[in-house]
Undergrad: 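First, the structure itself, so that you have it in front of you.
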Amino acid sequence: MGTKATEELDVSFDELPMYLRAHHSAYMEVNGALYYLTDVNDMYWRAQDTAKLNEKGHYTDASELVPTMAEFMALPFVDGKTIEEVFDEAVFYASEKSE
């Protein structure tokens, strides 16, 4: 789990899957909520709610775990909407790893 960068990412909807594959995670802010979009062992994808932490202090899952990027992009986890449906309202940020 990285920390949210301060500068917005300049990424289109079509570029987002490639960005996520290359960087393994990003933050998405939409309608006052902040989600962590991430892979699990470079094999599965999920969205996590940064406002809710589990007993280990990690973000809680906002979506199910899916094996492909196509399935992930089609998950309705933002109040029943997919990333594509909220993309124009969303702001994306890099996830910075601490050194």
Side-chain angles (χ1 to χ4, degrees):
M1 172 168 74
T3 57
K4 181 182 139 205
T6 55
E7 290 187 35
E8 296 177 16
L9 286 175
D10 183 17
V11 63
S12 70
F13 177 75
D14 292 333
E15 295 167 333
L16 184 60
M18 289 187 297
Y19 178 89
L20 289 170
R21 282 188 191 104
H23 298 278
H24 306 282
S25 60
Y27 284 87
M28 180 180 79
E29 191 171 44
V30 62
N31 299 328
L34 183 64
Y35 297 95
Y36 187 56
L37 312 178
T38 187
D39 68 4
V40 178
N41 298 327
D42 215 16
M43 295 176 63
Y44 292 90
W45 294 92
R46 69 177 169 206
Q48 297 179 307
D49 185 341
T50 66
K52 299 175 187 170
L53 301 179
N54 65 20
E55 63 280 349
K56 293 181 181 178
H58 297 146
Y59 304 141
T60 58
D61 291 347
S63 76
E64 61 186 279
L65 203 57
V66 294
T68 69
M69 181 60 69
E71 288 174 283
F72 179 64
M73 297 300 286
L75 282 175
F77 67 89
V78 183
D79 294 326
K81 295 181 181 176
T82 66
I83 293 172
E84 183 174 19
E85 291 172 316
V86 300
F87 187 85
D88 290 339
E89 306 156 32
V91 179
F92 295 86
Y93 299 89
S95 174
E96 298 177 333
K97 307 295 183 203
S98 57
E99 300 295 320

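Worth knowing before you read on, the calculation uses all heavy atoms, side chains too, and leaves out hydrogens, waters and symmetry mates.
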Undergrad: Report yes if some heavy atom in the side chain of N54 is under 4.5 Å from a heavy atom in the side chain of K56; otherwise report no.
TA: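 N54 reaches K56 side chain to side chain.
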Undergrad: Taking it one step at a time, do N31 and E89 satisfy side chain to side chain contact (heavy atoms under 4.5 Å, CB included)?
TA: CA-CA 7 Å; N31 299 328; E89 306 156 32; 3.4 Å; yes
Undergrad: So, taking the atom named CD in E96 and the one named NE2 in H23, what distance separates them when rounded to the nearest 0.5 Å?
TA: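 NE2 of H23 is found 12.0 Å from CD of E96.
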Undergrad: Under a 4.5 Å side-chain heavy-atom rule over Ile, Leu, Val, Met, Phe, Trp and Tyr, are V91 and Y59 clustered together?
TA: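 In one cluster: yes.
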Undergrad: What is the minimum heavy-atom distance between S63 and A47, and which atoms define it?
TA: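 Scanning both residues, the minimum pair turns out to be OG-N, 2.9 Å.
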Undergrad: Tell me whether E85 contacts the main-chain N or O of T82 through its side chain, where contact means a donor paired with an acceptor under 3.5 Å.
TA: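 Judged by distance alone, yes, a pair lies under 3.5 Å.
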Undergrad: What's the separation between atom CD in E71 and atom CH2 in W45, rounded to the nearest 0.5 Å?
TA: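 Nearest 0.5 Å value for the CD-CH2 distance: 13.0 Å.
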Undergrad: Begin with the C-alpha distance, continue with both residues' side-chain angles, and end with the deciding distance and a verdict on side chain to side chain contact (heavy atoms under 4.5 Å, CB included) for R21 and M69.
TA: CA-CA 8 Å; R21 282 188 191 104; M69 181 60 69; 3.1 Å; yes
Undergrad: Out of curiosity, T60 OG1 to R46 CZ, how far, rounded to the nearest 0.5 Å?
TA: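 If I round to the nearest 0.5 Å, the distance is 10.0 Å.
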Undergrad: Pick one: which of L75, L16, V30 meets side chain to side chain contact (heavy atoms under 4.5 Å, CB included) with I83?
TA: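 That would be L16; it is the only one of L75, L16, V30 passing the side chain to side chain contact (heavy atoms under 4.5 Å, CB included) with I83.
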Undergrad: Taking the six-membered ring where the residue is Trp, are the ring centres of F92 and F87 under 6.0 Å apart?
TA: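 Yes.
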Undergrad: Is there a donor-acceptor contact under 3.5 Å from the side chain of Y36 to the main chain of G2?
TA: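 The answer is yes, because a donor-acceptor pair under 3.5 Å joins these two groups.
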Undergrad: Grab the two heavy atoms, one from Y19 and one from A94, that are nearest each other, plus how far apart they are.
TA: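 Nearest heavy atoms, Y19 then A94: OH-CB, 3.4 Å.
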Undergrad: For M28 and V78, what are the C-alpha separation, side-chain angles and deciding distance, and is it a side chain to side chain contact (heavy atoms under 4.5 Å, CB included)?
TA: CA-CA 10 Å; M28 180 180 79; V78 183; 3.7 Å; yes
Undergrad: In sequence, state the C-alpha distance, the side-chain angles, and the governing distance for Y93 and E7, and then conclude on side chain to side chain contact (heavy atoms under 4.5 Å, CB included).
TA: CA-CA 7 Å; Y93 299 89; E7 290 187 35; over 6 Å; no
Undergrad: What distance do Y35 atom OH and Q48 atom CD have between them, rounded to the nearest 0.5 Å?
TA: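 The CD atom of Q48 is 12.5 Å from OH of Y35, to the nearest 0.5 Å.
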Undergrad: For M43, is there any backbone N or O sitting under 3.5 Å from a side-chain donor or acceptor partner on N41?
TA: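 Flag not set: sc N41 to bb M43 has no pair under 3.5 Å.
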Undergrad: So, taking the atom named CZ in F72 and the one named CG in L65, what distance separates them when rounded to the nearest 0.5 Å?
TA: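 Result: 10.0 Å between the selected atoms.
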Undergrad: Quick one: does T50's side chain have a donor or acceptor within less than 3.5 Å of a partner on L34's backbone?
TA: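 Pair found, side chain donor or acceptor close to backbone of L34.
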Undergrad: Enter the distance from D39:CG to L20:CG here, rounded to the nearest 0.5 Å.
TA: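 Between atom CG of D39 and atom CG of L20 there are 8.5 Å.
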Undergrad: Answer yes or no: does atom CD of E15 have more than 12 heavy-atom neighbours from other residues, nucleotides or ligands under 6.0 Å?
TA: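 Above 12, so yes.
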Undergrad: Please check if atom CG in D10 has more than 12 non-hydrogen atoms from other residues, nucleotides or ligands closer than 6.0 Å.
TA: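 Check fails, neighbour count at 12 or below.
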Undergrad: Regarding K4 and the six-membered ring of Y27, is the cationic atom NZ or CZ under 6.0 Å from the ring centre and inside 45° of its axis?
TA: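 K4 over Y27 ring: no.
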